[in-house]
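In what follows, a structure is listed as structure tokens, so that the remarks can point back to it.
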Amino acid sequence: MAIDTSWANVSLLCPFSVDAQDVKGKVVTPLNGAALSSAVGTPFGAGSAMYFDGTNDYATTPAHADFALGSGDFTIEAWVYIAANSPADGGGNKEACIAANYHSSGGWAFVIAGNGSTTGTGLYLSYWNGSSWTTIVSVTTTVSQGAWHYVMAKRVGTATQIWLDAASATTGTNSTNMSLGQLMNFGGISTHTSYQKWLNGYLSDLRITKGVGRTVTAAPTAPFPAPNHQRARL
């Protein structure tokens with residue numbers, strides 16, 4: 001059995017395999033039709049993942065200090081499957097939210113980028129301070145539809161990085177203090193009035209680690225370990 005040596009730093013781990021819940025104990029609620037589905041399996045074979053239909057489906061968990069990533073190290077990871085294009089947001093771009101800790105007073109969002117015609121033109125992590133957005137790290141690359149992709153954004157010191165599948169897609173530097181721990185949304189930013197960025201697709205094995213920029217050498221080949229609270233994958 002794999003061991004997560006950074007388990008104490010995990011803020012949230014949602015396998016999205018047997019239910020919607022965080023194995024660290026935070027209550028996650030799927031809304032507006034978001035639900036487990038076995039239609040496309042998992043990144044690791046047969047099983048279930050959380051499905052969002054791209055209309056107004058999302059899952060949410062209440063605000064918590066664990067989601068205030070601060071100015072230190074962090075890692076945000078997930079497996080994503082784009083089933084079809086997202087609807088255009090208020091800026092006309094078909095973007096899709098992976099995870100967002102957003103409120104009008106501040107927060108952050110990890111997003112699959114899009115343009116006016118397609119979802120999957122890149123990835124970015126941005127922080128909202130209540131008046132303007134700051135890009136923490138971003139990359140322009142193809143996130144193809146109809147397939148599972150491992151995505152990761154992390155910071156170590158001031159060095160930032162985005163991973164797509166088996167390789168680092170981009171690196172940069174940023175020291176923004178991501179200080180607010182707001183309501184968390186997955187699959188769409190329900191708290192935004194015009195930039196909800198609804199995902200038309202699936203999420204699996206979503207993990208947020210605060211205080212640790214994880215060392216990654218390849219895309220995971222198995223679900224993230226959950227010591228003392230292992231969940232069987234259907």
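The side-chain heavy atoms of T135 and V137, taken from C-beta on, include no pair separated by under 4.5 Å. Side-chain contact between W7 and K24: present, with at least one pair of heavy atoms (C-beta onward) separated by less than 4.5 Å. Using a 4.5 Å heavy-atom threshold, the side chains of P43 and S204 count as touching. The shortest side-chain heavy-atom distance between Q196 and C97 does not fall under the 4.5 Å cut-off. Proximity of I162 to M152: side-chain heavy atoms (C-beta onward) are nowhere separated by under 4.5 Å. Put simply, the side chain of I76 reaches to within 4.5 Å of the side chain of L69, judged on heavy atoms. No side-chain heavy atom of S86 sits less than 4.5 Å from a side-chain heavy atom of K197. Counting only heavy atoms from C-beta outward, the side chains of V151 and F110 approach each other to under 4.5 Å.
By the side-chain hydrogen bond (donor to acceptor under 3.5 Å, both in side chains) test, S190 is found to be paired with N185, residues two or more places apart in sequence or in another chain being considered. Take T176 and apply the side-chain hydrogen bond (donor to acceptor under 3.5 Å, both in side chains) test, not counting sequence neighbours, and it matches N174.
To the nearest 0.5 Å, atoms CG (N200) and CD1 (I82) are separated by 9.5 Å. Considering CG of L125 and NZ of K154, their distance stands at 14.0 Å, rounded to 0.5 Å. Taken to the nearest 0.5 Å, the CZ atom of F52 stands 11.0 Å off from the CG atom of N32. Once rounded to the nearest 0.5 Å, the distance linking CE of M184 with SG of C14 reads 8.5 Å. Atom OG of S11 sits about 6.5 Å away from atom CD1 of I208, to the nearest 0.5 Å. Rounded to the nearest 0.5 angstrom, Q145 CD and I112 CD1 are separated by 9.5 Å.
A salt bridge does not link D73 with K210: none of the charged nitrogens is closer than 4.0 Å to a carboxylate oxygen. Comment: D4 engages R207 in a salt bridge, judged by a side-chain N to carboxylate O separation of less than 4.0 angstrom.
Shown here for V23 and A226, the closest heavy-atom pair between the two residues is CG2-CB, 3.9 Å. The nearest pair of heavy atoms linking V156 to G213 is CG2-CA, 3.6 Å. Among all heavy-atom pairs drawn from T75 and V212, the shortest one is OG1-O, 2.8 Å. Contact detail for P15 and L13: the closest heavy-atom pair is CD-O, 3.4 Å. Annotation for R214 and T209: closest pair NE-OG1, 2.9 Å, computed over non-hydrogen atoms. A pairwise comparison of heavy atoms in G41 and A49 identifies O-CB, 4.0 Å as the closest pair.
Between the side chain of R155 and the main chain of G72, a donor-acceptor pair closer than 3.5 Å is present. With hydrogens and angles ignored, the 3.5 Å screen pairs no side-chain donor or acceptor of N101 with any backbone N or O of G107. The main-chain N or O of G45 is found under 3.5 Å from a side-chain atom of T42 such that the two form a donor-acceptor pair. At least one donor-acceptor pair closer than 3.5 Å links the side chain of T61 to the backbone N or O of V27. Put simply, the side chain of N85 gets close to the backbone of T119: a donor and an acceptor are under 3.5 Å apart.
Under the 4.5 Å side-chain heavy-atom criterion for grouping Ile, Leu, Val, Met, Phe, Trp and Tyr, L36 is connected to I98 within one hydrophobic cluster. Two different hydrophobic clusters hold Y51 and Y58 under the rule that ILVMFWY side chains link at heavy-atom gaps under 4.5 Å. Cluster annotation: L123 is connected to L203 through the hydrophobic network of ILVMFWY side chains, with a link wherever side-chain heavy atoms come within less than 4.5 Å. Under a hydrophobic clustering in which Ile, Leu, Val, Met, Phe, Trp and Tyr are joined whenever their side-chain heavy atoms come within less than 4.5 Å, directly or via other members, F186 and F74 fall into the same cluster.
The list of ring-ring contact (aromatic ring centres under 6.0 Å, His included) pairs with a residue in residues 75-99, not counting sequence neighbours, reads F44-W79, W79-Y150, Y81-W148, Y81-Y202.
Chaining together hydrophobic side chains whose heavy atoms lie under 4.5 Å apart places V111 alongside Y124. The hydrophobic cluster containing Y102, built from Ile/Leu/Val/Met/Phe/Trp/Tyr side-chain heavy atoms closer than 4.5 Å, also comprises W128, W133, I189.
With no hydrogens or angles considered, no side-chain donor-acceptor pair links T55 and D57 at under 3.5 Å. With 3.5 Å as the limit, one finds no donor-acceptor pair spanning the side chains of T121 and E95.
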Under 3.5 Å, which donor-acceptor pairs link side chains of residues 216-224 to any protein atom two or more places apart or in another chain?
none

Next item on the list: Using the side-chain contact (heavy atoms from CB on, under 4.5 Å) rule, take S71 and M178 through it: C-alpha gap first, then chi angles, then the decisive distance, then the call.
Entry: CA-CA 6 Å; S71 56; M178 300 164 67; over 6 Å; no
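Geometrically, K94 does not engage W198 in a cation-pi contact defined by less than 6.0 Å to the ring centre and at most 45° from the axis.
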